[in-house]
Amino acid sequence: QVTELVLDNCRSSNGEIEGLNDSFKELQFLSMANIELRSLAKLPTLSKLRKLELSDNGISGGLEILAERCPNLTYLNLSGNKIKDLGTVEALQNLKNLKSLDLFNCEITNLEDYRDSIFELLQQITYLDGFDQEDNEAPDSEDDDDEGDENDGDDENEAGPPGEYEEEDDEDDGASDLGEGEEEEEVGLSYLMKEEIQDEEDDDDYVEGGDEEEEAEGVRGQKRKREPEDEGEEEED
């Protein structure tokens, strides 16, 4: 049931990857970059395989095996291998569905009229080393997805008539200002009420203490005033 398998940086033994066999019948994408692979002789039959990554290996020939065991390939990456001449690449003519071929960093790229020769030899391909014959870059499905996500984000930002969100923001600001004013008023009233309560309590304490002292002083004063009077009265008597 496996459809994608990445074995990059593993190590092959005599051109064979242990465990990779014909049982991977549903495999559509296989990557074996930098595994010291020198031959494709032991590649299993993968009839549904569409993309094959073989970059940075030591492959120098035997590409005819690909048409026999992976006949439905549409993408083949052989960059960084030891492919030197057009005769080696000619074996890919039997890959009728091949649309994209990568030979970057292979010695064959040093040949004069390299690109024109490959496009003439393999007329079924559209892209060589990521570009077509008019030097248009091959589309990247991941980039397309990213652009779609960005566009979705732009659509969300642009959705709705202009000014709608600004009005809502103004309303929110007004509501928040009103709310703050109400809170300030409530806080001010409660604060004043607390101050009045404290003042009343303080006044009561002061009055109570003051009354006692005033009453005591009054009594003393009365006594002082009365004593001379009383004495006068007694003298008159």
Do C70 and L43 come close enough that some side-chain heavy atom pair is under 4.5 Å?
yes
Should L20 and M32 count as side-chain neighbours, where that means a heavy-atom distance under 4.5 Å?
yes
With sequence neighbours left out, the residues meeting side chain to side chain contact (heavy atoms under 4.5 Å, CB included) with F119 are R115, I125, L128, Q133
Gap between atom CG of L52 and atom CG of N77 - 0.5 Å precision:
8.5 Å
Tell me, yes or no, whether the heavy-atom count around R50 atom CZ, taken from other residues, nucleotides or ligands under 6.0 Å, exceeds 12.
no
When rounded to the nearest 0.5 angstrom, what distance separates CD in E4 from CD in Q28?
8.0 Å
Donor-acceptor pairs are to be reported for all side-chain atoms of residues 84-97 against protein atoms at under 3.5 Å, with residues two or more places apart or in another chain.
residue: D85; atom: OD1; partner: G87; partner atom: N; Å: 3.2
residue: D85; atom: OD1; partner: T88; partner atom: N; Å: 2.9
residue: D85; atom: OD1; partner: T88; partner atom: OG1; Å: 2.9
residue: Q93; atom: NE2; partner: L121; partner atom: O; Å: 3.0
residue: N97; atom: ND2; partner: N72; partner atom: OD1; Å: 3.3

Please report the interatomic distance CD1(I59) to CG(L40), rounded to the nearest 0.5 Å.
4.0 Å
Any chance CD of Q124 has more than 12 other-residue heavy atoms, nucleotides or ligands included, within less than 6.0 Å?
yes
D22: side chain to side chain contact (heavy atoms under 4.5 Å, CB included) partners, not counting sequence neighbours
P44, T45
Using side chain to side chain contact (heavy atoms under 4.5 Å, CB included) as the criterion, list what pairs up with Q1, not counting sequence neighbours.
none
With a 4.5 Å limit on heavy-atom distance, are the side chains of D129 and I118 in contact?
no
Compile the donor-acceptor pairs under 3.5 Å between side chains in residues 98-106 and protein atoms, sequence neighbours left out, one pair per line.
residue: D102; atom: OD1; partner: F104; partner atom: N; Å: 3.0

What pairs with Y127 under side-chain hydrogen bond (donor to acceptor under 3.5 Å, both in side chains), at least two apart in sequence or on another chain?
none
Does the side chain of L63 reach to within under 4.5 Å of the side chain of L78, using non-hydrogen atoms?
yes
From E137 CD over to D135 CG, what is the distance, rounded to the nearest 0.5 angstrom?
10.5 Å
Would the distance check show the side chain of D113 and the main-chain N or O of S117 forming a donor-acceptor pair, the cut-off being under 3.5 Å?
no
Without placing hydrogens or testing angles, list every side-chain donor-acceptor pair under 3.5 Å for residues 5-12, not counting sequence neighbours.
residue: D8; atom: OD1; partner: S31; partner atom: OG; Å: 2.6
residue: D8; atom: OD1; partner: A33; partner atom: N; Å: 3.0
residue: D8; atom: OD2; partner: S31; partner atom: OG; Å: 3.3
residue: N9; atom: OD1; partner: N34; partner atom: ND2; Å: 2.9
residue: R11; atom: NE; partner: E36; partner atom: OE2; Å: 3.3
residue: R11; atom: NH1; partner: N34; partner atom: O; Å: 3.1
residue: S12; atom: OG; partner: I35; partner atom: O; Å: 2.9
residue: S12; atom: OG; partner: E36; partner atom: O; Å: 3.3

Using 0.5 Å steps for rounding, measure from the OG atom of S60 to the CZ atom of R38.
10.0 Å
Honestly curious: do L122 and L76 fall in one hydrophobic cluster under the side-chain, below-4.5 Å linking rule?
yes
Hey, is NZ on K42 packed in by over 12 heavy atoms from elsewhere, all under 6.0 Å?
yes
Pairwise distance CD1(I17) to CG(L30) - rounded to 0.5 angstrom:
9.0 Å
Salt bridge (charged side-chain N to carboxylate O under 4.0 Å, His left out): which pairs involve residues 53-66, sequence neighbours left out?
none
Go through the structure and list residues passing salt bridge (Lys or Arg N to Asp or Glu O under 4.0 Å) with K48, not counting sequence neighbours.
E26
